[in-house]
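Notes follow the structure.
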Amino acid sequence: MKLSYKLLLLFVAALALRASVALLLPFPSRDAITYCTIAQDMATGNPAGAVKLGEKRIPPLMPLTMAAGTKLGVPVFLTGTMLASLAGALVPILAFLIARKLLKDERLAWAAAILLTLLPSAVEQSANAMRDQSYVALMLGVVLAGIKVYDSRSWSKRWLMALMAGILTGLALTVRREAVELLLFFSLAPLAAVLFKPRTWRCAAVLPGFWLATVLIVSLVIRWYSAYSPTPLKFVWDKRPGKFIEKVMGDQDV
């Protein structure tokens, strides 16, 4: 059987498992209830949802997407669960591709993929309207794109993969705050690599494309959010090192 067919079967199996668990869950998680409440307020034009999103320091993409689903007639919890399940089913596929490339052993790659398919915490997160698996899928997508930037011998493909990595990083930044560490790593790693292996300068040369795509996606999501919020979204650094947060409260000091 071709590898593509095997990966498709793995995706279908992972998605079916997550959908089955979602149907069996007695009630949503606390976080899922929070996202659903915020998204429902945003979908109905109640600014309290957008303000609450900022007060809880939740990046806006997940509630925005759930609110958009509501406008199409899909309930907020179902929209969020569908997104989480699809992302969760993609995680094993991405993990397989990364592991096969880095470990050079397809058996170990399959072991990693199957483990992530059956991992109880991953299944539970994917079966709820939560953002965790969406972030993991985006993060793995950035890693895979970064590997392809390094391996590619074509400038056009290298730039394309850098732009893809930037798009996924921008989406990740608007899903979870921790993505700022992903941004810093993929910004600094190519520059550091040049010091030890000068031939990798081609990877560092496409960093402007990565940064441009990241800023563009974050800007578009902020603009989307501004349509729901009475006050602008303000990105600031927390006093605690490494904590990137979002705050809606205008001129209020952090």
Side-chain angles (χ1 to χ4, degrees), residues 11-44 46-95 113-141 168 171-182 221 224-225 228-229 233 238 240 243-248:
F11 173 80
V12 172
L15 185 60
L17 175 61
R18 283 149 178 77
S20 300
V21 173
L23 292 173
L24 295 173
L25 284 177
F27 50 82
S29 68
R30 183 176 62 180
D31 287 346
I33 293 172
T34 299
Y35 303 148
C36 289
T37 302
I38 292 172
Q40 188 65 46
D41 285 343
M42 296 171 78
T44 56
N46 185 351
V51 173
K52 186 176 181 182
L53 183 148
E55 289 175 347
K56 287 184 172 291
R57 300 175 180 177
I58 300 172
L61 186 57
M62 182 76 173
L64 283 172
T65 309
M66 292 167 66
T70 302
K71 291 189 174 183
L72 296 175
V74 183
V76 285
F77 182 72
L78 180 58
T79 302
T81 303
M82 289 170 60
L83 289 171
S85 296
L86 288 170
L90 280 174
V91 166
I93 310 299
L94 296 169
I114 293 171
L115 176 64
L116 287 171
T117 300
L118 302 175
L119 189 66
S121 59
V123 173
E124 182 183 0
Q125 291 169 356
S126 301
N128 244 308
M130 298 174 66
R131 55 197 171 127
D132 302 78
Q133 290 298 297
S134 297
Y135 172 69
V136 173
L138 290 168
M139 179 180 65
L140 293 178
L168 295 175
L171 292 172
L173 279 166
T174 57
V175 170
R176 284 195 72 92
R177 301 190 299 271
E178 292 83 354
V180 70
E181 296 161 6
L182 189 69
V221 174
W224 187 12
Y225 168 86
Y228 293 92
S229 176
L233 184 65
D238 195 354
R240 295 165 294 175
K243 294 295 183 181
F244 190 72
I245 64 171
E246 303 80 16
K247 201 169 185 65
V248 175

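Below, all heavy atoms of this structure are taken into account, side chains as well, without hydrogens, waters or symmetry copies.
- Summarising the geometry, atom OG belonging to Ser126 is positioned 11.5 Å from atom CG belonging to Leu83; distances are rounded to the nearest 0.5 Å.
- The minimum heavy-atom distance between Ala89 and Pro92, with the atom names listed, is O-CD, 3.3 Å.
- Nearest heavy atom pair, residue Ala67 against residue Ala39, reads CB-O, 3.5 Å.
- For Ala129 against Tyr35, the heavy-atom pair with the smallest separation is O-CD1, 3.1 Å.
- Contact of the Leu72 side chain with the Thr79 side chain is not registered, since no non-hydrogen atoms from C-beta on lie closer than 4.5 Å.
- Here the closest heavy-atom approach between residue Pro63 and residue Pro59 is recorded as CD-O, 3.8 Å.
- In this structure, the side chains of Tyr225 and Leu61 stay at 4.5 Å or more apart for every pair of heavy atoms.
- Contact record, Met62 with Met130: CE-O, 3.3 Å, taken as the closest heavy-atom pair.
- Annotation: side chain of Glu124 is not in contact with side chain of Val21 (no heavy-atom distance under 4.5 Å).
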>> Let's go through Thr117 and Phe11 carefully: what are the C-alpha distance in whole Å and the side-chain angles of both, what is the deciding distance for side-chain contact (heavy atoms from CB on, under 4.5 Å) to 0.1 Å, and is it a yes or a no?
In response: CA-CA 9 Å; Thr117 300; Phe11 173 80; over 6 Å; no
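- Residues Leu118 and Val123 form no side-chain contact, since every pair of their non-hydrogen atoms from C-beta on lies 4.5 Å or further apart.
- Using a distance-only test at 3.5 Å, with no hydrogens or angles considered, a donor-acceptor pair links the side chain of Thr34 to the main chain of Arg30.
- Residues Thr70 and Phe77 have side chains not in contact (no heavy-atom distance under 4.5 Å, counting atoms from C-beta outward).
- The distance from the OH atom of Tyr135 to the CG atom of Leu171 is 12.5 Å, given to the nearest 0.5 Å.
- In this structure, OG1 in Thr174 is found 8.5 Å from CG in Leu64, a value given to the nearest 0.5 Å.
- A donor-acceptor pair under 3.5 Å is formed between the side chain of Asn128 and the backbone N or O of Ser29.
- Here the OG1 atom belonging to Thr37 is positioned 12.5 Å from the CE atom belonging to Met42, to the nearest 0.5 angstrom.
- Within the model, atoms CZ of Arg176 and CG of Leu138 stand 12.0 Å from one another, a figure rounded to the nearest 0.5 Å.
- Once rounded to the nearest 0.5 Å, the distance linking CG of Leu116 with CD of Gln133 reads 8.0 Å.
- Of all heavy-atom pairs spanning Ala95 and Leu140, the tightest one is N-CD1, 4.2 Å.
- Under the 3.5 Å distance criterion, the side-chain polar atoms of Arg18 are left unmatched by any main-chain donor or acceptor of Ser85.
- Leu94 is not listed as a side-chain neighbour of Met139, based on a closest heavy-atom distance of 4.5 Å or more.
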